[in-house]
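As the structure lists them, so they are numbered: ligands from 1, and atoms in each ligand from 1. Since we're looking at a predicted model, the values are computed, not measured.
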Amino acid sequence: MSGGVRIIMFGRQGAGKGTQSARLAEHFGVPHISTGEMLRNAVKQDSVVGRAAKSVLDRGELVDDDLMVSLVQGRIGQVDARVAGYVLDGFPRTIAQAAAFDSLTEARPVGFVIDLDVAREIVLVRLSGRRVCESCSTNYTAPENEPKPWICEKCGGSVVQRTDDTEQAINHRLDVYEAQTAPLITFYHGRGALHVVDGVGSPDEVFGRLTSVVNLSK
Ligand code: ADP
Ligand code: ZN
């Protein structure tokens with residue numbers, strides 16, 4: 001592979017994609033590029049992109065393909081990603097995005113496409129308890145006696161439920177995933193680039209499976 005570790009992570013909402021992508025990025029010394037995170041930051045900063053995306057995010061719909069492609073193009077063009085590579089989390093999410101990404105990365109194609117596989121019934125349970133730190137984005141699972149207010153142990157920020165983690169938006173995002181994103185798994189499988197990794201287990205177990213896939217084929 002021509003210098004760098006370039007990974008695309010697929011997985012249903014709640015599969016653990018964000019958590020595992022962050023760990024993989026740290027492990028391989030590459031940036032973790034989460035398009036959901038980029039959009040949520042844009043909303044927080046009330047930027048032009050943020051204002052355009054806020055209601056789309058809250059409904060659990062997909063942001064416009066051209067906007068997403070230009071966001072990702074800008075990010076992977078930065079020096080850290082050009083030199084070291086990246087873990088791409090949340091992109092591509094449609095066939096149009098994947099096609100655009102192919103032409104952007106002709107010179108440095110992606111090395112690993114991973115499908116972090118967790119069944120819908122299981123992610124639904126996980127998502128109802130998903131909480132996130134507003135400041136540093138660390139994910140948590142709500143215990144039975146959920147602390148209120150809940151303070152992040154890493155940074156002291158508030159731990160809250162994401163505004164798009166309502167039951168309705170979650171179900172909608174899962175439907176959108178099956179309709180628009182799951183076909184991409186077939187698309188990458190056809191190229192022989194796909195690795196399906198079982199996402200059920202402790203975070204350490206799943207991380208071990210992921211690193212062995214990347215190390216074995218590197
Ligand atoms: P989840 O996987 O739980 O939906 P993400 O953080 O990956 O969470 O994404 C949150 C939201 O950001 C999505 O529901 C969607 O509205 C928007 N989004 C993120 N990535 C993309 C993308 N590649 N294309 C379109 N919309 C996106
Ligand atoms: Zn925090």
Side-chain angles (χ1 to χ4, degrees), residues 8-22 32-44 49-76 86-101 104 110 113-118 120 122-141 147 149-185 199:
I8 291 178
M9 288 279 278
F10 284 115
R12 289 190 176 82
Q13 288 72 16
K17 187 165 51 78
T19 306
Q20 297 293 343
S21 295
H32 170 208
I33 303 179
S34 158
T35 47
E37 209 52 59
M38 289 167 86
L39 292 168
R40 283 189 290 279
N41 285 334
V43 170
K44 248 194 249 168
V49 169
R51 260 171 270 164
K54 165 87 176 125
S55 62
V56 181
L57 256 74
D58 284 348
R59 287 197 305 271
E61 289 179 359
L62 292 183
V63 172
D64 176 73
D65 284 334
D66 291 340
L67 174 60
M68 294 312 302
V69 171
S70 70
L71 272 181
V72 169
Q73 179 175 19
R75 184 62 189 88
I76 64 171
Y86 46 78
V87 178
L88 196 48
D89 162 9
F91 182 96
R93 245 174 161 97
T94 63
I95 293 281
Q97 290 178 13
F101 189 68
L104 287 180
V110 72
V113 180
I114 295 173
D115 175 19
L116 188 58
D117 187 32
V118 179
R120 182 163 175 146
I122 299 175
V123 298
L124 275 171
V125 176
R126 289 188 184 178
L127 284 165
S128 64
R130 174 159 83 176
R131 302 291 182 270
V132 62
C133 170
E134 272 181 333
S135 306
C136 74
S137 303
T138 296
N139 279 319
Y140 290 93
T141 301
W150 185 349
I151 305 300
C152 174
E153 62 194 37
K154 291 207 177 133
C155 80
S158 311
V159 178
V160 297
Q161 186 159 35
R162 261 168 54 174
T163 54
D164 64 347
D165 273 352
T166 61
E167 199 183 333
Q168 198 185 12
I170 287 170
N171 272 303
H172 189 58
R173 298 214 303 291
L174 286 165
D175 289 342
V176 170
Y177 184 86
E178 303 312 332
Q180 310 236 51
T181 307
L184 294 181
I185 294 172

| So how far is it from Ser137 OG to Arg162 CZ, rounded to the nearest 0.5 Å? | 9.5 Å

| message | Any side-chain to backbone donor/acceptor pair from Tyr177 onto Gly11? Under 3.5 Å, distance only. | response | yes

| query | For the residue pair Gly199 and Arg126, what are the closest heavy atoms and their distance? | reply | O-NH2, 3.1 Å

| Is a side-chain N or O of Arg131 found less than 3.5 angstrom from the main chain of Val159, in a donor-acceptor match? | no

| query | Where does the angle between the aromatic ring planes of Phe101 and Phe91 fall among parallel (under 30°), tilted (30 to 60°) and perpendicular (over 60°)? | reply | perpendicular

Could you tell me, for ligand 1, which of its N or O atoms are under 3.5 Å from any protein N or O, listing the pairs and their distances rounded to 0.1 Å?
{"from": "ligand 1", "atom 1": "2 (O)", "to": "Arg93", "atom 2": "NH2", "distance (Å)": "3.2"}
{"from": "ligand 1", "atom 1": "3 (O)", "to": "Arg130", "atom 2": "NH2", "distance (Å)": "3.2"}
{"from": "ligand 1", "atom 1": "3 (O)", "to": "Arg162", "atom 2": "NH2", "distance (Å)": "3.3"}
{"from": "ligand 1", "atom 1": "3 (O)", "to": "Arg173", "atom 2": "NH2", "distance (Å)": "3.1"}
{"from": "ligand 1", "atom 1": "4 (O)", "to": "Gln13", "atom 2": "NE2", "distance (Å)": "3.3"}
{"from": "ligand 1", "atom 1": "4 (O)", "to": "Arg93", "atom 2": "NH2", "distance (Å)": "3.0"}
{"from": "ligand 1", "atom 1": "4 (O)", "to": "Arg173", "atom 2": "NE", "distance (Å)": "2.8"}
{"from": "ligand 1", "atom 1": "6 (O)", "to": "Arg40", "atom 2": "NH1", "distance (Å)": "2.9"}
{"from": "ligand 1", "atom 1": "6 (O)", "to": "Arg40", "atom 2": "NH2", "distance (Å)": "3.1"}
{"from": "ligand 1", "atom 1": "7 (O)", "to": "Arg93", "atom 2": "NH1", "distance (Å)": "3.3"}
{"from": "ligand 1", "atom 1": "7 (O)", "to": "Arg93", "atom 2": "NH2", "distance (Å)": "3.3"}
{"from": "ligand 1", "atom 1": "8 (O)", "to": "Arg162", "atom 2": "NH2", "distance (Å)": "3.1"}
{"from": "ligand 1", "atom 1": "16 (O)", "to": "Glu61", "atom 2": "O", "distance (Å)": "2.4"}
{"from": "ligand 1", "atom 1": "20 (N)", "to": "Thr35", "atom 2": "OG1", "distance (Å)": "2.8"}
{"from": "ligand 1", "atom 1": "20 (N)", "to": "Gly90", "atom 2": "O", "distance (Å)": "3.3"}
{"from": "ligand 1", "atom 1": "20 (N)", "to": "Arg93", "atom 2": "NH1", "distance (Å)": "3.3"}
{"from": "ligand 1", "atom 1": "23 (N)", "to": "Gly90", "atom 2": "O", "distance (Å)": "2.9"}
{"from": "ligand 1", "atom 1": "23 (N)", "to": "Gln97", "atom 2": "OE1", "distance (Å)": "3.0"}
{"from": "ligand 1", "atom 1": "24 (N)", "to": "Gln97", "atom 2": "NE2", "distance (Å)": "2.9"}
{"from": "ligand 1", "atom 1": "26 (N)", "to": "Val63", "atom 2": "N", "distance (Å)": "3.0"}

| task | Report yes or no: does Gln180 contribute a side-chain atom to a donor-acceptor pair with the main-chain N or O of Val176 at less than 3.5 Å? | result | no

| query | For Val123 and Gln13, what are the C-alpha separation, side-chain angles and deciding distance, and is it a side-chain contact (heavy atoms from CB on, under 4.5 Å)? | reply | CA-CA 7 Å; Val123 298; Gln13 288 72 16; 5.8 Å; no

| request: Applying side-chain contact (heavy atoms from CB on, under 4.5 Å), run through Ile95 and Leu184 and close with a yes or a no. | output: CA-CA 6 Å; Ile95 293 281; Leu184 294 181; 3.5 Å; yes

| Between Arg12 (side chain) and Val118 (backbone), is there a donor-acceptor pair under 3.5 Å? | yes

| request: Run through the protein N/O/S atoms less than 2.8 Å from the Zn ion (ligand 2) and write them out by chain and number. | output: Cys133 SG, Cys136 SG, Cys152 SG, Cys155 SG

